[in-house]
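Per chain, numbering begins at 1; letters A, B, ... match sequence-line order.
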Protein chains: 2
Amino acid sequence: MVKPGEDLRRNLHDQFERGDVYAPECPSRPLLDHLTSRWGVLVLVLLLDRPHRFGELASLIGGVSDKMLSQTLKTLVGDGFVTREVGTDGPVRVTYALTDVGQGAAERLADLVEWLESNMNALVPA
Amino acid sequence: MVKPGEDLRRNLHDQFERGDVYAPECPSRPLLDHLTSRWGVLVLVLLLDRPHRFGELASLIGGVSDKMLSQTLKTLVGDGFVTREVGTDGPVRVTYALTDVGQGAAERLADLVEWLESNMNALVPA
DNA sequence: CACAATACTTACCAAAAGGTAGGTACTAAC
DNA sequence: GTTAGTACCTACCTTTTGGTAAGTATTGTG
(Lines give C-alpha, C1' and ligand atoms only; values in the text may rest on other atoms or scores of the structure.)
Protein backbone atom coordinates (compact mmCIF):
# COMPACT_ATOMS: atom_id res chain seq x y z
CA MET A 1 0.00 0.00 0.00
CA VAL A 2 1.60 3.22 -1.15
CA LYS A 3 0.10 6.55 -0.24
CA PRO A 4 0.34 9.08 -3.08
CA GLY A 5 2.27 11.63 -1.06
CA GLU A 6 4.91 9.26 0.20
CA ASP A 7 8.57 9.53 -0.63
CA LEU A 8 9.37 7.69 -3.82
CA ARG A 9 13.00 7.29 -2.84
CA ARG A 10 11.97 5.49 0.30
CA ASN A 11 9.81 3.09 -1.71
CA LEU A 12 12.62 2.28 -4.07
CA HIS A 13 14.94 1.77 -1.17
CA ASP A 14 12.51 -0.70 0.42
CA GLN A 15 11.92 -2.40 -2.88
CA PHE A 16 15.57 -3.13 -3.52
CA GLU A 17 17.13 -4.47 -0.37
CA ARG A 18 20.10 -5.47 -2.45
CA GLY A 19 20.72 -3.42 -5.56
CA ASP A 20 20.17 -4.81 -9.05
CA VAL A 21 21.84 -2.81 -11.78
CA TYR A 22 19.89 -4.74 -14.41
CA ALA A 23 16.61 -3.30 -13.14
CA PRO A 24 16.11 0.07 -14.84
CA GLU A 25 14.44 1.70 -11.81
CA CYS A 26 16.91 0.51 -9.20
CA PRO A 27 18.70 3.38 -7.44
CA SER A 28 22.01 1.61 -8.08
CA ARG A 29 21.78 2.58 -11.76
CA PRO A 30 22.48 6.31 -11.32
CA LEU A 31 25.11 5.49 -8.71
CA LEU A 32 26.87 3.21 -11.18
CA ASP A 33 26.67 5.92 -13.81
CA HIS A 34 28.30 8.41 -11.46
CA LEU A 35 31.03 5.99 -10.39
CA THR A 36 31.85 5.10 -13.96
CA SER A 37 31.50 8.60 -15.39
CA ARG A 38 34.37 9.88 -17.50
CA TRP A 39 35.82 12.18 -14.83
CA GLY A 40 34.38 10.44 -11.77
CA VAL A 41 36.64 7.43 -12.17
CA LEU A 42 39.76 9.57 -12.40
CA VAL A 43 38.82 11.72 -9.42
CA LEU A 44 38.04 8.77 -7.17
CA VAL A 45 41.26 6.96 -8.02
CA LEU A 46 43.31 10.07 -7.24
CA LEU A 47 41.57 10.54 -3.91
CA LEU A 48 42.49 6.97 -2.99
CA ASP A 49 46.06 8.14 -2.63
CA ARG A 50 45.23 11.08 -0.38
CA PRO A 51 42.80 14.01 -0.12
CA HIS A 52 43.27 16.65 -2.80
CA ARG A 53 42.33 20.26 -3.35
CA PHE A 54 40.31 21.38 -6.34
CA GLY A 55 43.27 22.86 -8.15
CA GLU A 56 45.38 19.77 -7.61
CA LEU A 57 42.75 17.56 -9.16
CA ALA A 58 42.38 19.98 -12.06
CA SER A 59 46.07 19.84 -12.89
CA LEU A 60 46.48 16.09 -12.34
CA ILE A 61 43.56 15.13 -14.57
CA GLY A 62 44.63 16.03 -18.08
CA GLY A 63 41.89 17.49 -20.23
CA VAL A 64 39.26 18.21 -17.63
CA SER A 65 37.64 21.63 -17.51
CA ASP A 66 36.85 23.52 -14.31
CA LYS A 67 33.20 23.21 -15.06
CA MET A 68 33.21 19.44 -15.48
CA LEU A 69 35.44 18.89 -12.48
CA SER A 70 33.24 20.92 -10.19
CA GLN A 71 30.12 19.23 -11.55
CA THR A 72 31.64 15.79 -11.08
CA LEU A 73 32.73 16.58 -7.54
CA LYS A 74 29.29 17.90 -6.67
CA THR A 75 27.71 14.66 -7.85
CA LEU A 76 30.17 12.48 -5.94
CA VAL A 77 29.67 14.54 -2.78
CA GLY A 78 25.89 14.29 -3.23
CA ASP A 79 26.08 10.52 -3.55
CA GLY A 80 28.21 10.23 -0.43
CA PHE A 81 31.40 9.00 -2.07
CA VAL A 82 33.38 12.14 -1.32
CA THR A 83 33.51 14.81 1.38
CA ARG A 84 34.06 18.49 0.74
CA GLU A 85 35.82 20.53 3.38
CA VAL A 86 36.35 24.27 3.27
CA GLY A 87 39.31 25.67 5.17
CA THR A 88 38.07 28.19 7.74
CA ASP A 89 41.12 30.43 7.97
CA GLY A 90 42.97 32.18 5.20
CA PRO A 91 41.94 32.29 1.54
CA VAL A 92 39.55 29.85 -0.06
CA ARG A 93 40.85 26.31 0.23
CA VAL A 94 38.63 23.35 -0.46
CA THR A 95 39.76 19.80 0.16
CA TYR A 96 38.07 16.71 -1.19
CA ALA A 97 38.48 13.29 0.40
CA LEU A 98 36.91 9.84 0.19
CA THR A 99 34.22 8.73 2.61
CA ASP A 100 34.30 5.14 3.87
CA VAL A 101 31.97 4.01 1.11
CA GLY A 102 33.89 6.09 -1.39
CA GLN A 103 37.01 4.21 -0.38
CA GLY A 104 35.38 0.88 -1.22
CA ALA A 105 34.33 2.08 -4.64
CA ALA A 106 37.64 3.79 -5.38
CA GLU A 107 39.62 0.66 -4.59
CA ARG A 108 37.68 -1.28 -7.18
CA LEU A 109 37.99 1.46 -9.76
CA ALA A 110 41.73 1.70 -9.14
CA ASP A 111 41.94 -2.03 -9.76
CA LEU A 112 40.23 -1.61 -13.10
CA VAL A 113 42.37 1.36 -14.09
CA GLU A 114 45.61 -0.37 -13.17
CA TRP A 115 44.59 -3.47 -15.06
CA LEU A 116 43.78 -1.37 -18.11
CA GLU A 117 47.07 0.54 -17.96
CA SER A 118 48.96 -2.76 -17.88
CA ASN A 119 46.93 -4.49 -20.56
CA MET A 120 46.41 -1.61 -22.93
CA ASN A 121 49.00 -2.93 -25.33
CA ALA A 122 47.15 -6.20 -25.71
CA LEU A 123 44.24 -4.21 -27.12
CA VAL A 124 45.34 -1.14 -29.01
CA PRO A 125 47.74 -2.55 -31.62
CA ALA A 126 45.14 -4.98 -32.95
CA MET B 1 61.09 12.07 -36.19
CA VAL B 2 57.52 11.58 -37.37
CA LYS B 3 56.72 11.44 -41.04
CA PRO B 4 53.43 13.15 -41.85
CA GLY B 5 51.86 10.08 -43.38
CA GLU B 6 52.71 7.70 -40.58
CA ASP B 7 50.11 5.96 -38.47
CA LEU B 8 49.24 8.09 -35.47
CA ARG B 9 48.00 5.07 -33.56
CA ARG B 10 51.37 3.45 -33.86
CA ASN B 11 53.09 6.54 -32.48
CA LEU B 12 50.81 6.69 -29.50
CA HIS B 13 51.36 3.04 -28.84
CA ASP B 14 55.10 3.54 -28.82
CA GLN B 15 54.78 6.60 -26.67
CA PHE B 16 52.80 4.87 -23.94
CA GLU B 17 54.42 1.58 -23.11
CA ARG B 18 52.26 1.42 -20.05
CA GLY B 19 48.96 3.27 -20.26
CA ASP B 20 48.29 6.45 -18.31
CA VAL B 21 44.65 7.35 -18.05
CA TYR B 22 45.57 10.78 -16.70
CA ALA B 23 47.23 11.72 -20.00
CA PRO B 24 44.54 13.03 -22.31
CA GLU B 25 46.07 11.57 -25.46
CA CYS B 26 46.81 8.11 -24.10
CA PRO B 27 44.90 5.37 -25.97
CA SER B 28 43.79 3.98 -22.63
CA ARG B 29 41.37 6.90 -22.28
CA PRO B 30 38.88 5.81 -24.95
CA LEU B 31 39.26 2.21 -23.80
CA LEU B 32 38.34 3.22 -20.26
CA ASP B 33 35.37 5.17 -21.60
CA HIS B 34 34.14 2.11 -23.48
CA LEU B 35 34.63 -0.21 -20.50
CA THR B 36 32.79 2.14 -18.18
CA SER B 37 30.08 3.16 -20.61
CA ARG B 38 26.51 2.91 -19.39
CA TRP B 39 25.67 -0.28 -21.30
CA GLY B 40 29.18 -1.60 -21.72
CA VAL B 41 29.55 -2.43 -18.05
CA LEU B 42 26.29 -4.37 -17.98
CA VAL B 43 27.10 -6.29 -21.16
CA LEU B 44 30.56 -7.32 -20.01
CA VAL B 45 29.37 -8.50 -16.61
CA LEU B 46 26.67 -10.65 -18.22
CA LEU B 47 29.17 -12.19 -20.61
CA LEU B 48 31.32 -13.16 -17.65
CA ASP B 49 28.71 -15.76 -16.78
CA ARG B 50 28.59 -17.26 -20.28
CA PRO B 51 28.30 -16.23 -23.94
CA HIS B 52 24.99 -14.68 -24.84
CA ARG B 53 23.00 -13.97 -27.97
CA PHE B 54 21.89 -10.50 -28.92
CA GLY B 55 18.28 -11.05 -27.90
CA GLU B 56 19.28 -12.49 -24.56
CA LEU B 57 21.35 -9.45 -23.71
CA ALA B 58 18.52 -7.19 -24.83
CA SER B 59 16.03 -8.82 -22.49
CA LEU B 60 18.40 -9.17 -19.53
CA ILE B 61 19.50 -5.55 -19.58
CA GLY B 62 16.45 -3.57 -18.55
CA GLY B 63 15.99 -0.33 -20.42
CA VAL B 64 18.47 -0.78 -23.24
CA SER B 65 17.35 -0.17 -26.81
CA ASP B 66 18.34 -2.35 -29.77
CA LYS B 67 20.25 0.55 -31.21
CA MET B 68 22.36 1.21 -28.12
CA LEU B 69 22.99 -2.47 -27.52
CA SER B 70 24.22 -3.05 -31.04
CA GLN B 71 26.34 0.11 -30.92
CA THR B 72 27.84 -0.90 -27.57
CA LEU B 73 28.61 -4.40 -28.80
CA LYS B 74 30.22 -3.06 -31.95
CA THR B 75 32.53 -0.88 -29.86
CA LEU B 76 33.47 -3.70 -27.50
CA VAL B 77 34.16 -6.03 -30.41
CA GLY B 78 36.25 -3.32 -32.07
CA ASP B 79 38.32 -2.86 -28.93
CA GLY B 80 38.92 -6.59 -28.61
CA PHE B 81 36.99 -7.19 -25.41
CA VAL B 82 34.29 -9.27 -27.06
CA THR B 83 33.99 -11.71 -29.96
CA ARG B 84 31.05 -11.86 -32.34
CA GLU B 85 30.18 -15.20 -33.87
CA VAL B 86 27.49 -15.75 -36.48
CA GLY B 87 25.94 -19.21 -36.66
CA THR B 88 26.47 -20.65 -40.14
CA ASP B 89 23.44 -22.89 -40.37
CA GLY B 90 19.82 -22.05 -39.78
CA PRO B 91 18.38 -18.58 -39.16
CA VAL B 92 20.41 -15.63 -38.01
CA ARG B 93 22.02 -16.39 -34.67
CA VAL B 94 24.77 -14.21 -33.32
CA THR B 95 26.64 -15.06 -30.16
CA TYR B 96 28.82 -12.68 -28.18
CA ALA B 97 31.54 -13.89 -25.84
CA LEU B 98 34.47 -12.45 -23.91
CA THR B 99 38.00 -12.56 -25.26
CA ASP B 100 40.84 -13.26 -22.85
CA VAL B 101 41.42 -9.56 -22.28
CA GLY B 102 37.68 -9.00 -22.04
CA GLN B 103 37.59 -11.55 -19.27
CA GLY B 104 40.14 -9.60 -17.26
CA ALA B 105 38.19 -6.38 -17.60
CA ALA B 106 34.83 -8.02 -16.94
CA GLU B 107 36.03 -9.59 -13.71
CA ARG B 108 36.99 -6.19 -12.37
CA LEU B 109 33.75 -4.61 -13.48
CA ALA B 110 31.77 -7.44 -11.89
CA ASP B 111 33.62 -6.77 -8.67
CA LEU B 112 32.59 -3.14 -8.78
CA VAL B 113 28.98 -3.95 -9.63
CA GLU B 114 28.67 -6.52 -6.87
CA TRP B 115 30.18 -4.14 -4.37
CA LEU B 116 27.72 -1.46 -5.40
CA GLU B 117 24.73 -3.77 -5.19
CA SER B 118 25.72 -4.71 -1.65
CA ASN B 119 26.55 -1.21 -0.49
CA MET B 120 23.81 0.71 -2.22
CA ASN B 121 21.85 1.09 0.98
CA ALA B 122 24.73 2.83 2.68
CA LEU B 123 24.44 5.54 0.04
CA VAL B 124 20.90 6.05 -1.13
CA PRO B 125 19.02 6.71 2.13
CA ALA B 126 21.28 9.58 3.08
C1' DC C 1 4.59 -17.82 -51.43
C1' DA C 2 3.17 -15.65 -47.02
C1' DC C 3 4.60 -15.18 -42.39
C1' DA C 4 7.36 -15.12 -38.19
C1' DA C 5 11.82 -14.71 -35.87
C1' DT C 6 16.43 -12.74 -35.25
C1' DA C 7 19.70 -9.21 -35.58
C1' DC C 8 20.39 -5.52 -37.12
C1' DT C 9 20.40 -0.44 -39.58
C1' DT C 10 18.59 4.10 -40.62
C1' DA C 11 16.31 8.52 -40.04
C1' DC C 12 14.73 11.63 -36.94
C1' DC C 13 14.57 14.00 -32.76
C1' DA C 14 15.43 15.15 -27.57
C1' DA C 15 18.42 15.20 -23.73
C1' DA C 16 22.80 15.09 -21.55
C1' DA C 17 27.63 15.89 -21.55
C1' DG C 18 31.18 18.87 -22.40
C1' DG C 19 34.02 22.93 -24.02
C1' DT C 20 35.07 28.15 -23.90
C1' DA C 21 34.93 32.46 -22.11
C1' DG C 22 33.76 35.45 -18.83
C1' DG C 23 32.22 36.73 -14.23
C1' DT C 24 31.88 36.33 -9.02
C1' DA C 25 33.19 35.99 -4.10
C1' DC C 26 36.49 35.73 -0.68
C1' DT C 27 40.98 36.53 1.33
C1' DA C 28 45.86 37.92 1.71
C1' DA C 29 49.66 40.60 0.40
C1' DC C 30 51.51 44.99 -1.28
C1' DG D 1 42.84 50.35 -2.76
C1' DT D 2 44.69 47.31 -6.03
C1' DT D 3 46.28 43.02 -7.38
C1' DA D 4 46.74 37.96 -7.19
C1' DG D 5 45.13 33.35 -6.02
C1' DT D 6 41.49 29.91 -5.35
C1' DA D 7 37.23 27.88 -6.28
C1' DC D 8 33.82 28.25 -8.21
C1' DC D 9 29.23 29.66 -11.44
C1' DT D 10 26.89 31.21 -15.72
C1' DA D 11 25.69 31.73 -20.51
C1' DC D 12 26.37 30.03 -24.88
C1' DC D 13 27.28 26.65 -28.10
C1' DT D 14 28.72 22.01 -30.04
C1' DT D 15 29.07 17.10 -29.62
C1' DT D 16 27.68 12.87 -27.96
C1' DT D 17 24.38 9.85 -26.22
C1' DG D 18 20.09 7.86 -26.36
C1' DG D 19 15.18 6.94 -27.53
C1' DT D 20 11.42 5.71 -31.08
C1' DA D 21 9.85 3.96 -35.06
C1' DA D 22 10.43 2.10 -39.27
C1' DG D 23 12.85 -0.67 -42.55
C1' DT D 24 16.17 -4.52 -44.16
C1' DA D 25 18.24 -9.16 -44.76
C1' DT D 26 18.24 -13.89 -43.93
C1' DT D 27 16.20 -18.19 -42.93
C1' DG D 28 12.67 -21.66 -41.42
C1' DT D 29 7.88 -23.06 -41.29
C1' DG D 30 3.29 -23.87 -43.09
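In this structure, CG in Asp100(B) is found 10.0 Å from OG1 in Thr83(B), a value given to the nearest 0.5 Å. Atom-to-atom distance recorded for Leu109(A):CG and Glu114(A):CD is 11.5 Å, nearest 0.5 angstrom. From Leu48(A), atom CG reaches atom CD of Glu107(A) across 6.0 Å, with rounding to the nearest 0.5 Å.
Residues Leu47(B) and Phe81(B) fail the side-chain proximity criterion, which asks for heavy atoms closer than 4.5 Å. Inter-residue side-chain proximity for Met120(A) and Cys26(B) is flagged as met; some heavy-atom pair is nearer than 4.5 Å. In this structure, the side chains of Leu42(B) and Leu60(B) stay at 4.5 Å or more apart for every pair of heavy atoms.
Straight-line distance from the CZ atom of Phe54(A) to the C1' atom of dC26(C): 16 Å, rounded to whole Å. Rounded to an integer number of Å, the gap from CZ of Arg53(A) to C1' of dC8(D) is 13 Å. Distance Arg93(A) CZ to dA4(D) P: 18 Å, rounded to the nearest Å. For the pair Tyr96(B) OH and dT6(C) P, the interatomic distance rounds to 15 Å; values are reported in whole Å.
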Walk me through whether Leu32(B) and Leu112(A) qualify under side-chain contact (heavy atoms from CB on, under 4.5 Å). CA-CA 9 Å; Leu32(B) 182 62; Leu112(A) 177 71; 4.3 Å; yes
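For residues 32-49 of chain A, proximity to DNA chain C is found at Arg38(A), Trp39(A), defined as any non-hydrogen atom under 4.0 angstrom from a strand atom. Taken residue by residue, residues 58-74 of chain B places heavy atoms nearer than 4.0 Å to DNA chain C at Asp66(B), Lys67(B), Ser70(B), Lys74(B).
Minimum interatomic distance between Trp39(A) and Val64(A) (heavy atoms only, all atoms of both residues): CD2-CG2, 3.6 Å. Across every non-hydrogen atom of Val43(B) and Leu76(B), the tightest pair is CG1-CD1, 4.0 Å.
The 12-atom threshold is exceeded at CD of Glu56(A), counting heavy atoms of other residues, nucleotides or ligands nearer than 6.0 Å.
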Please produce a list of atom pairs where a protein N or O lies less than 3.5 Å from an N or O of nucleotides 25-30 of chain D.
{"unit_1": "dT27(D)", "atom_1": "O3'", "unit_2": "Gly90(B)", "atom_2": "O", "d": "3.4"}

